[in-house]
Amino acid sequence: MQVRRKVYVEGSRPEIRVPFAEVELTGDNPPVRLYDTSGPGSDPQVGLPALRGPWIAERGDVAPVRGPGTPLAGADGKRPTQLAYARAGVVTPEMEFVAIREGMSPEFVRDEIAAGRAVLPLNVNHPECEPAIIGKAFLVKVNANIGTSAVSSSVAEEVEKLTWATRWGADTVMDLSTGKRIHETREAIVRNSPVPIGTVPIYQALEKVGGDPVKLSWEVFRDTVIEQAEQGVDYMTVHAGVLLPYVPLAVNRVTGIVSRGGSIMAAWCLAHHEENFLYTHFRELCEVLARYDVTFSLGDGLRPGSIADANDEAQFAELRTLGELTKIAWEYDVQVMIEGPGHVPMHKIKENVDLQQEWCHEAPFYTLGPLTTDIAPAYDHITSAIGAAMIGMFGTAMLCYVTPKEHLGLPDRDDVKAGVIAYKIAAHAADLAKGHPGAQAWDDALSKARFEFRWEDQFNLSLDPETARSYHDATLPAEPAKTAHFCSMCGPKFCSMKITQDLKEYAARGMKDKSDEFLAAGGRVYLPLA
Ligand code: IRN
Ligand code: FE2
């Protein structure tokens, strides 16, 4: 019954094989190809094959074998970043890969990266990754956060969550692990991940100094970034815009500083009464990230954590600084995205995108929701998917999911699925609104299947085929119901789709016949229940 299968489209050379999920349809309806993030599947003990291995090797700018201290780049001034190549006019195999994935030309992909409007987060030490592009001209992407905390989860469980999140369509995954076995957990995640992996290195740096933010230093942070870059982390959240003078701006807020990284850096700045070391050492950090092609995700440490605090001075002061840092990172050929809120009511969402695009020179925006109301704990995947759809429509490139457990606890498997599905809906709704070429073909195929009562096709085209099928079967489990021209929602006599189909038939026979027949039958559109 499952007629979804993985197909590959070959690029200009045989090892550029771009995956799609192909849905076969009944009758003479052509198959539909969907963007596919699930990867080739791996044995967690072995990891995925190194798809990008030959592409990285042939560029000759990094050592061929991974291990401490291997990257060679930087020594001769050449930086192995996709931004450096794009600026030099080179279309890398990675760029060609995403061009096929998105249905765009490779030159367009290269030019968007060169302009800083899109990023390709691909660490030279993550050859297992299937390239995915993040930028407003492309499909809106979804990030899912996973990670162990001090109180729960094992390494195996986290790899399982990664696979589960990408199965439902997560385009990137962030490992926010803290506590024990943090290095080992991340190693297992990166080696098994077909999607870019992001982290927030300050979390691990904090573990290294025993959990006391005051003991943090640039040196501990830098070494943590190198450790994670060696493992292959593709992008890193860095809260370099939480400046000492901005911290007092958050004091009178309803919810103060809600960002974990933001509160760690604010505590450090206040305790030392010194400027944020991520800001003062930013150029050195750029040099490290450039060596591995790690993409910056400049953190929004002062994002609003409530409707009352949206679009305030603290938030926008930090955003201006992120714009300044973007220019510096670009001097080093380092790719940049900008993180955004948080909690924002619908009428204040557009201003966020407009200011971010203006102040940050069109670097891709990556937002956490935003939640459009604070009244629904346990349903914040919904309160935030509303904001995510809107902010996506206005030009946000990636949406960080929120699960039903937000503000309440650590998400389990079901929460991860609920969050990813809610965000895939938001992202796709934004793709439609933006008129991304090809986005509507999926809707049209499903609508047609629905109208023609091709139930199996409708299930198979669904974002969540299993749930769609099970809801249908809960009331009409028998096999003939899969071709019946009604469902249990309205029953056989009230189905609007059925009535419209009859109308079409009448129209084909001539309006006169049709109206006679209609009047003879009593002239009612809705028939009384038998
Ligand atoms: C995304 C946009 N703004 C924040 N995020 C994500 O929130 C960020 O990438 C990370 O995954 C998570 C927690 O970040 P804080 O609380 O440390 O800022
Ligand atoms: Fe929140």
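Just follow the structure's listing: the first ligand is 1, and inside any ligand the first atom is 1.
- There is a side-chain donor-acceptor pair under 3.5 Å between His183 and Gln231.
- The protein heavy atom nearest to atom 3 (N) of ligand 1 is Asp300 OD1, 2.9 Å.
- A centroid separation of less than 6.0 Å is found between the aromatic rings of Phe296 and Phe282.
- Of all atoms in ligand 1, listed by their number and element, those nearer than 4.0 Å to a heavy atom of His239 are 15 (P), 17 (O), 18 (O).
- Between the side chains of Asn276 and Tyr246, no donor-acceptor pair is found at a separation under 3.5 Å.
- In Arg260, the parts holding a heavy atom less than 4.0 Å from any atom of ligand 1 are both the side chain and the backbone.
- Among all protein heavy atoms, the one lying closest to atom 11 (O) of ligand 1 is Met174 SD, 3.1 Å.
- Around atom CZ of Phe108, more than 12 heavy atoms belonging to other residues, nucleotides or ligands sit under 6.0 Å away.
- Residue Leu368 touches ligand 1 through backbone and side chain together, judged by heavy-atom distances below 4.0 Å.
- Checking only distances, Tyr203 does come within under 3.5 Å of ligand 1, N or O to N or O.
- Counting only N and O atoms by type, the side chains of Asp309 and His343 include no donor and acceptor under 3.5 Å apart.
- Backbone and side-chain nitrogen or oxygen atoms of Asn143 are examined, and none is located within less than 3.5 angstrom of a nitrogen or oxygen of ligand 1.
- Some N or O of Ser259 is nearer than 3.5 Å to an N or O of ligand 1, by distance alone.
- If you number the atoms of ligand 1 from 1 as listed, the ones under 4.0 Å from a heavy atom of Thr237 come out as 9 (O).
- Under 4.0 angstrom from ligand 1, the non-hydrogen atoms of Tyr366 come from both its backbone and its side chain.
- The closest side-chain donor-acceptor pair between Tyr35 and Asp431, if any, does not fall under 3.5 angstrom.
- Near Gly261, meaning under 4.0 Å from one of its heavy atoms, ligand 1 places the atoms 15 (P), 17 (O).
- More than 12 non-hydrogen atoms from other residues, nucleotides or ligands lie less than 6.0 angstrom from CD of Glu275.
- Each of the following atoms of ligand 1 lies closer than 4.0 Å to a heavy atom of Asn145: 11 (O), 12 (C).
- Defined by atom type and a distance below 3.5 Å, a donor-acceptor pair is missing between the side-chain atoms of Gln204 and Thr224.
- Looking only at atom types and distance, the side chain of Thr81 has no donor-acceptor partner in the side chain of Gln335 under 3.5 Å away.
- What sits closest to atom 5 (N) of ligand 1 on the protein, heavy atoms only, is Glu339 OE1, 3.4 Å.
- At least one heavy atom of Gly340 sits closer than 4.0 Å to an atom of ligand 1.
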